[in-house]
Structures are given as C-alpha cells and as structure tokens.
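Reviewing the structure listed below.
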Amino acid sequence: MEKTEKREVLLKGIPIMPGICIGQAQVLNPSIKTPVTRKISESQVAIEEKRFLKAIEKLKKELQEIRGDLDERLSDLINSQIMILEDPHFREGVSQRIKQRMESAESAVYRILNDISRELGEKGSGYMQERSQELLQLARELITTMQRERNHETTFRKDSILFAEDLSIQDTIKAVKSGVRAIALTGGGKTSHHAIILRNFGIPAVFGMRADLNEIEDGTTVILDGAKGIVIINPKKATLERYQAERARYEEFTKELFEHKEERPITVDGREFTVLINIDFPEELGILKGLGRHGIGLFRTEILYFTGKVDLESQRKIYEKIAEEIYPCPFVIRAFDLGGDKVFQFKEKNPFLGVRGIRVLLRNKKLFSEQIKAVILANKKGNIKFMIPMVSVVEEVLETKELLHQVFGEMKDSEPGVQLPDFGIMIETPSSALIADRIAPHVDFFSIGTNDLTQYTLAVDRRNPEMSYLFDHLHPSVLKLIKDIVEVSHKHNVWVGVCGELAADPYGVPFLVGMEVDELSVPPASLLETKELIRKISVEELEELVRKGLEAQTAREVRELAADYLREHYPEVTLFYPF
Ligand code: PEP
Ligand code: MG
C-alpha cells in the first residue's frame, strides 16, 4: 500500500472492545524496518543531535548492565558494541549528516551504520559478514531507543484513533486521559493489561492488527470496529455510510441498556446473581456513578504501587473513600499483583512463571504488611474484602492468613472499631483450581481469574497476538476447572465469583450462570449488558448447555453452543459480538 494512494484498505486484528469509531488516525512512530529518510528543519538540528546523544548514553547504560551477567565471550561482544557507540568518527558522522543533510537522527544513524556495514559485507569473509550484521542490529537498537523516547514524549491527540505497535500501561492511561477515542495496535493480546484498561474505560480497540504502520498516513480517515476486530483505512463513501448506520444501531442498543440500568439481574426463573465491577484506578469511580450503585469485585491496586502511593496513609485514604462511597455494596481489594508484565525488581527470563503476585508479597513483608494495615484501617464499615493473586500452593494461603491475623492483632487495641476483612484468594493457576478443596477451609471466598487461568492452563501467553487463536477462556479445559471450583465452593460454603474477562464475555455468561457461580465481576463498560443478559436466561434451562459445553471438543464448539442459545434468548448480543 502506497502512502499517497487513497484506496480503501481493510486490516484485521483481534477484537478487544466493541464500539464503532470513525475518525482521523494518529500514527505513533513505527519502528523503521526500511530506511526511510525523514528531513528536518533548521530549528530541529540541535534537538535531533541531542536525541542522538541521549539515545547513545541510554543504550550504552543498558549494554553495560547486561554485560554484568555474561561470560567472557559474550561480554566481548557487548564491549565491541559499546566501542562503536563511543567511537568519535561514528558520532561525528551522524552529527554531520544531521547538520548538513538535515536528516532526522534516526535516518542519519541508519545511513552511517548501513554504509559501514555494506563496506564490511562487501569484503566478503564470514567474519566481516557477521560484523556487518551486528552493525545493522546496533543501528536498529539505537533507532528503537530514540523512537521509544519520542513516543514517550508524544502528546496524544484528542478524538483521534491511535495507531501504534504497542503501548506501555502508562501510555495507555495517558492516551485514554487525553481523549483518544479508539486504539489499534499491531501488538497486544486479548487479556493483556492494556486491553483490560481499555475495556474498563469503554474505549473501542483492536489489537494484533496485521499491518505495517509505516504505510498508514497520519491524519487519514479510518473506521475502527472493535467488535469485529476490523480497521478500515481510507473508507469509500459507501463503506462510511454503512458503518455510520451500524454505529447508530449500536448506540441504540446501549441506550436501551441504560434505560434498564436500575433493574436487578434476576434470571427468567427467578434467580438473582450479583454483578460487580472491576476497576484499575480510583478515578474510575466517576464512571460508576452513571451506572447506578454497584459493588466492586476487583480493585487491581498495582496502579497505587506504580504511582508511588504505597505509604499507609495514601492507601488508607483511597480504600476508605471507595468503601464509603459504595457502601453497603462489597469492595474487593486485591493485594498488589506485581511481576509478570507489571515489572517489579527482578530481571527474569520468564516473568509470568517467576516472582509474581503473592510470591512477590511474601518476599516483601514490609510492603505487604503496610497494604494489609491500610485495608484493615479502611474497613470501618465492614464492606471490604481482601484477596491475594497468583496463589499456587496452600502454604501461600496459610502464610498470608497468619500475617493478616498478626497485623490485625497488633492494631485492634490501638484502633478501636477496625474490622478484619473477609479473606479470599484468586484462583488463577491450575494448581489452585485443582486443590481448591484443600484451600477452601482457610478462606471466605474465591474469585476466579480466568485471564491467568486460561494463560496457565492452555500454556498461551495472554499478551501475544500470535497466540490469540489458542487463547480462549471458553476452552473445555478451563470450563472444567471452573465447574470443579464452583462445586468445591458450594460444598464448603465458600462464596465464589469470577473476575476474569470471561465474566464479561456474552458467550461465557450462560455457562457461569448455569454453573451457579455466586457473582460476576466485569469491566464497567460490560456491566449493563451482563445484567441484561442474565435477565434473559434461565438457570434451569442452562443445565443442558453446561453439560454439552463440558463435553465439547473445542473452544469453538463451546462458543457455537452458546451462540445457538443466545440467538434464541438475546439475539442482539450475537449481532454486536460476532466470533
Ligand atoms: C485474571 O487473571 O483473570 C485477573 C482478573 O487478574 P489480572 O487480569 O489482573 O491478571
Ligand atoms: Mg490475574
């Protein structure tokens, strides 16, 4: 696709958050895969030179850090890269190109290193060929470093449809707060944490889009259909009209949901289910106001850690304010789930299988005790529940429980009126699901985290777009684990909820209701729809669907079973959520 050409192009990706958005693209600097020369103006020369020097220092520092852990042969390799970065001829060459040819720092670096690499390559020997490849690799790393910095400094344009390769969690929040209307990424998976943030804020999104961003012109008109996972560049008039009509239909659908917002989620056969909300930021309480009074089934507290609000007083204030605002509804606070993609202090080869969640907390008792204290202090009205993430063995539950009681014991005389919160765990590893009967006697509740439970059961990275064809929380293996957990919970009188994205998947809700989970906790944008869906179905009828789902061969078969059922009971939802 040529930039200058204005023909309609359809791009496909993974549906992340439904909603149709028509607007202008803002394209964040894609990494340069081909040598594009970007020209600059006189006034930018000094800025580009500074960017180049800053990137050199940053990359040098990163390389020096990596060198620390390596054996002699590999550290020699790193040393040779550092030598190039320090080479005065290289620096001078880039600087001259920026000044004399008015090229951006990225273009100048690429040209200089590419020229040297070609010369080496032409000398022909295997050794020289290898060196030539290393130089090109170094050029790519320098360019990526400069682009990352530039993206970091980017101001997101209000009302734009943002295109990027990937976004950090911080940039996702920044984009949402700047008023970006929709997001299309070439990276990202169905339940990666930035996807969850976008769903919480109701921002239509498509991830894992198969496209080269170098070919999408900034400012061009685009359509993003978050339910179908489609992006259309330069739509024709007829396409625009079709999507405008579809958008109007979707708006009508959501308007009707708002009209029923006060109605309780009671099934056709009279069973009431609790539907709560997941939040990632205290500010989301604002969104909740428009949805009526609801409890919170999952507060991901990591944001407090990343914004430096970990001291006792900051945490207490935040928890107490939320607990009071939603009282008498429940408020489930999840202990910091650090590690995994929410990088903590360790550099690990496989962080999702490493020091994550409760494993981090039990190694950092000061941090953990402070959070527990803040939770207990905030629990003045008694509606707070506290749970821990990533449990895989009983010992973690026992150790946490002991700490919880110890902290409470130390406080209760000096802080009259404080109450011990209900204590629960997230079930999100296959091991905790399989030994739920051994954990149940020690807890008040379970909350099933289907995002991680799916990731760990199917051994698929939840962030990897290449794996999205395998990542389905409706796979019979995951369903089977959920069914077993629910049975154990009922037997032990332990309340059980689902707070992973499955609870908000219209094809998943009939199974969860049919299995009689006690509670579903969903992103704010899915709340009204989930409640409406529950009002259309009946537990008795679902027994058969659950049985068939558990016997199904594939996730697709499970989805088809749910689709057949929904077409009969709530056809609109199958229109807006195709699969
Ligand atoms: C889950 O794993 O399903 C969950 C709710 O936790 P998170 O998405 O924060 O890992
Ligand atoms: Mg999880």
### Inter- and intrachain pairs under ring pair (Phe, Tyr, Trp, His ring centres under 6.0 Å), touching residues 434-458, at least two apart
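Counting only pairs at least two positions apart or across chains, the ring pair (Phe, Tyr, Trp, His ring centres under 6.0 Å) contacts touching residues 434-458 are Phe445-Trp495.
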### Pairs flagged by ring pair (Phe, Tyr, Trp, His ring centres under 6.0 Å) wherever residues 536-557 is involved - sequence neighbours left out
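Not a single pair qualifies under ring pair (Phe, Tyr, Trp, His ring centres under 6.0 Å).
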Calculate, to the nearest 0.5 Å, the distance between atoms [atom1] and [atom2] belonging to [X] and [Y] respectively.
| X | Y | atom1 | atom2 | result |
| --- | --- | --- | --- | --- |
| Leu512 | Ile448 | CG | CD1 | 7.5 Å |
| Ile296 | Leu285 | CD1 | CG | 5.0 Å |
| Arg210 | Leu11 | CZ | CG | 9.5 Å |
| Lys401 | Ile388 | NZ | CD1 | 11.0 Å |

Under a plain distance cut-off of 3.5 Å, with no hydrogens placed, do [Y] and [X] share a side-chain donor-acceptor pair?
| X | Y | answer |
| --- | --- | --- |
| Thr454 | Thr457 | no |
| Tyr319 | Gln371 | yes |
| Glu284 | Asn200 | yes |
| His194 | Asp166 | yes |
| Glu402 | Gln406 | no |
| His473 | Asn451 | no |

Between the side chains of [Y] and [X], is the shortest nitrogen-to-carboxylate-oxygen separation below 4.0 Å, so that they form an ion pair?
| X | Y | answer |
| --- | --- | --- |
| Glu501 | Lys190 | no |
| Arg535 | Glu263 | yes |
| Glu487 | Lys491 | no |
| Glu516 | Arg271 | yes |
| Arg559 | Asp564 | no |
| Lys531 | Glu262 | no |
| Arg547 | Glu543 | no |
| Asp337 | Arg356 | yes |
| Asp452 | Arg462 | yes |
| Arg334 | Glu302 | yes |

Holding to ring pair (Phe, Tyr, Trp, His ring centres under 6.0 Å), I want the full list of residues that pass it with [X], two or more places apart in sequence or in another chain.
| X | answer |
| --- | --- |
| Phe423 | none |
| Phe576 | Tyr250, Phe253 |
| Tyr577 | none |

### Task
Could you tell me whether Glu560 atom CD has more than 12 heavy atoms of other residues or ligands within 6.0 Å of it?
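Yes, enclosed.
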#### Entry: Nearest non-hydrogen partners of Leu458 and Ser477, listed with the distance
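Residues Leu458 and Ser477, closest heavy atoms: CD2-OG, 3.9 Å.
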### Query
Of all heavy-atom pairs between Val478 and Asp472, which one has the smallest distance, and what is that distance?
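What the structure gives for the nearest pair is CG2-O, 4.4 Å.
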#### Entry: For Arg359, salt bridge (charged side-chain N to carboxylate O under 4.0 Å, His left out) partners two or more places apart
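Checked Arg359 against salt bridge (charged side-chain N to carboxylate O under 4.0 Å, His left out); zero matches.
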#### Entry: Parallel, tilted or perpendicular: ring planes of Phe281 versus Phe201, cut at 30 and 60 degrees
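Correct class here is tilted.
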